[in-house]
Q: 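My questions all concern the structure below.
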Amino acid sequence: MVETRYGRITGVDKGDYLEYRGIPYAAPPVGELRWRAPQPPDRFEGVYEALDFRNKCMQAQGSSPPWDKDFYDDPSFDRPMSEDCLYLHIWAPKHGENCPVAFWVHGGAFLGGWATEKEFDGAAYCRRGVIFVSVEYRCNVFGYLAHPWLTAESGFSGNYGSLDQIAALNWVYENIAGFGGDPHNITVFGQSAGAMSAQTLASSPLTEGKIAKAILQSGGSYGTGLHRDLSLSQQEELGGAFPEALGVRSLEEMRSKSAKEVFEAMGPFFERVMPQAKGLFLTPGIDGRLLTGGYYQLMDQGKLHPIPYMLGCTKNDIMAPPELTDKREAPLYTGSVAFSHKLEELGRKPAYVYHFTRDLPGDSQGAWHSAELWYMMGTLDRCWRLWTEGDRALSERMLDYWTNFMKTGDPNGNGHPLWQACDRASGFVMELDVLPDEKD
């Protein structure tokens, strides 16, 4: 039984740790709350039983190789889809006290994904004395649609999904002590769109004092990477086509449509605006509130939160052309190194940078975008691949690096190879692969 500001919560006893599933951190964003900043949840009546994982956000079903076969092949890990999706899940060590907190943001191109996918789990973190929190948030048009009607109503529009993440972060900051966590030692981390989200949170004035560390996996960067600096007016211009795709003429009508109708309107909406958008555009934007400038501009201005950082990418990551001989020339690799060097230029400690190079056994996909998730989540046994002892050792090593960083801001310890910060003098990047004496 845990006492929170919203009432008492019970969870699931897993032996050496506890799971609290489906805790509402904000009011359901439905009806008049659709396309609004998240609102506080109601207090619980009696005891809230956090026994079941809850809804994922509205999104397209299915995926493509290699993600489909690895992450989405088991329907038992799927979740119902609904606008009512603002929930978080907590894995906590039993009898933990003042534990560091890992705040995980899932990826999915800001179009989909959910916090309890097959590859995600907090058990390995609990066994290393870390509380693991994963968060659902609004994606696609539900989470990032900007439109002049919405701006006129609230003074801003878009970025609802990122504001969801901040609402969840605030909930954790205010309540995690009851679960045995240290609110002053929260590490925000994520992969792909989750990494871009983590960099957004670490660049926003709205999270000042709430984040102690950040880990950016295949999405954080400086100079080259996945980020797009779209202004509110640019996003409003693109979003202006949505009412026609939905067949409405007013904001009131937009909110009167069912979630299914809103989602189905995305097809014609994308067909119309993608040639103009030239890439992802339902992403965090520069609205003067969440973000006061572009990611790299904010780094130039020294406005990225002054906290420890760890970041990197995989060998065959997104944006890395197959014909590229030296994978260290790929945008996410060079952007990760540049990120660290920029910190040093600002007079801060450089980041810990990694390059995940293990070719996953079982096919010829290599070290693909998201491949490291099996290892740093400790969920190898959920996958169809025939892992070697070297893979298992690599997973243990990565979990130690990640949780050591969350505890102290330094990934080193446990007798593993020394991971140096990536300063200009050394340019050190930790290669994460099976060690020579562990090779197949």
Side-chain angles (χ1 to χ4, degrees), residues 63-72 104-109 113 117-120 189-199 214-222 224-227 309-340 351-380 383 385 387-388 390-399 401-402 405 411 417 419 422 427-435 438-440:
S63 185
S64 57
W67 303 280
D68 56 347
K69 189 176 179 181
D70 269 56
F71 298 158
Y72 307 118
W104 174 254
V105 184
H106 70 75
E117 293 179 10
K118 179 183 175 183
E119 70 276 22
F120 304 149
F189 72 137
Q191 185 266 345
S192 193
M196 296 167 69
S197 295
Q199 189 162 345
I215 302 174
L216 318 175
Q217 300 175 210
S218 296
S221 67
Y222 176 79
T224 61
L226 301 177
H227 296 298
Y309 290 91
M310 191 167 97
L311 76 164
C313 62
T314 65
K315 181 179 63 176
N316 306 110
D317 219 320
I318 195 167
M319 300 178 72
E323 66 274 10
L324 187 64
T325 303
D326 187 350
K327 301 301 184 183
R328 294 171 298 180
E329 296 177 359
L332 283 178
Y333 184 100
T334 59
S336 296
V337 172
F339 183 102
S340 183
Y352 293 95
V353 179
Y354 72 84
H355 195 210
F356 181 88
T357 59
R358 171 61 170 167
D359 292 331
L360 269 61
D363 58 27
S364 59
Q365 297 283 351
W368 39 276
H369 181 70
S370 313
E372 86 281 13
L373 295 176
W374 289 123
Y375 295 80
M376 46 72 57
M377 287 287 175
T379 50
L380 297 179
C383 186
R385 298 174 185 274
W387 306 108
T388 68
D391 288 304
R392 296 186 183 281
L394 174 59
S395 176
E396 292 294 309
R397 192 159 64 248
M398 289 175 63
L399 280 161
Y401 282 139
W402 261 244
F405 179 82
W419 189 339
C422 182
F428 184 89
V429 174
M430 172 60 77
E431 181 177 339
L432 296 173
D433 197 349
V434 173
L435 295 176
E438 301 167 344
K439 287 294 183 182
D440 307 351

Q: Please tabulate, for the side chains in residues 371-378, all donor-acceptor contacts under 3.5 angstrom to protein atoms that are two or more places apart in sequence or on a different chain.
A:
{"unit_1": "E372", "atom_1": "OE2", "unit_2": "Q217", "atom_2": "NE2", "d": "3.0"}
{"unit_1": "W374", "atom_1": "NE1", "unit_2": "D70", "atom_2": "OD2", "d": "2.7"}
{"unit_1": "Y375", "atom_1": "OH", "unit_2": "D391", "atom_2": "OD1", "d": "2.7"}

Q: Which pairs pass salt bridge (Lys or Arg N to Asp or Glu O under 4.0 Å) with one or both residues in residues 361-370, sequence neighbours excluded?
A: D363-R385

Q: Which residues pass the salt bridge (charged side-chain N to carboxylate O under 4.0 Å, His left out) test with E329, sequence neighbours left out?
A: none

Q: So, using side-chain hydrogen bond (donor to acceptor under 3.5 Å, both in side chains) as the criterion, who are the partners of D359 when residues are at least two apart?
A: K315

Q: Taking only residues two or more places apart in sequence, or in another chain, which ones meet T334 in a side-chain hydrogen bond (donor to acceptor under 3.5 Å, both in side chains)?
A: T224

Q: Would the Y354 and W402 ring centres measure less than 6.0 Å apart?
A: yes

Q: State which residues pass side-chain hydrogen bond (donor to acceptor under 3.5 Å, both in side chains) with Q365; sequence neighbours excluded, sorted by chain then number.
A: none

Q: In chain order, what residues pass the side chain to side chain contact (heavy atoms under 4.5 Å, CB included) check against A193, with sequence neighbours excluded?
A: F110

Q: Going by ring pair (Phe, Tyr, Trp, His ring centres under 6.0 Å), name the pairs with one or both residues in residues 317-340, residues two or more places apart or in two chains.
A: Y309-F339, Y333-H355

Q: For S336, enumerate each residue passing the side-chain hydrogen bond (donor to acceptor under 3.5 Å, both in side chains) test, keeping only those at least two apart in sequence or located in another chain.
A: none

Q: Check side chain to side chain contact (heavy atoms under 4.5 Å, CB included) between P322 and all other residues, then give those that pass, not counting sequence neighbours.
A: none

Q: Which residues pass the salt bridge (charged side-chain N to carboxylate O under 4.0 Å, His left out) test with K118, sequence neighbours left out?
A: D73

Q: In chain order, what residues pass the side chain to side chain contact (heavy atoms under 4.5 Å, CB included) check against S192, with sequence neighbours excluded?
A: H369

Q: Side chains of L394 and F356, heavy atoms from C-beta outward: is any pair under 4.5 Å?
A: yes

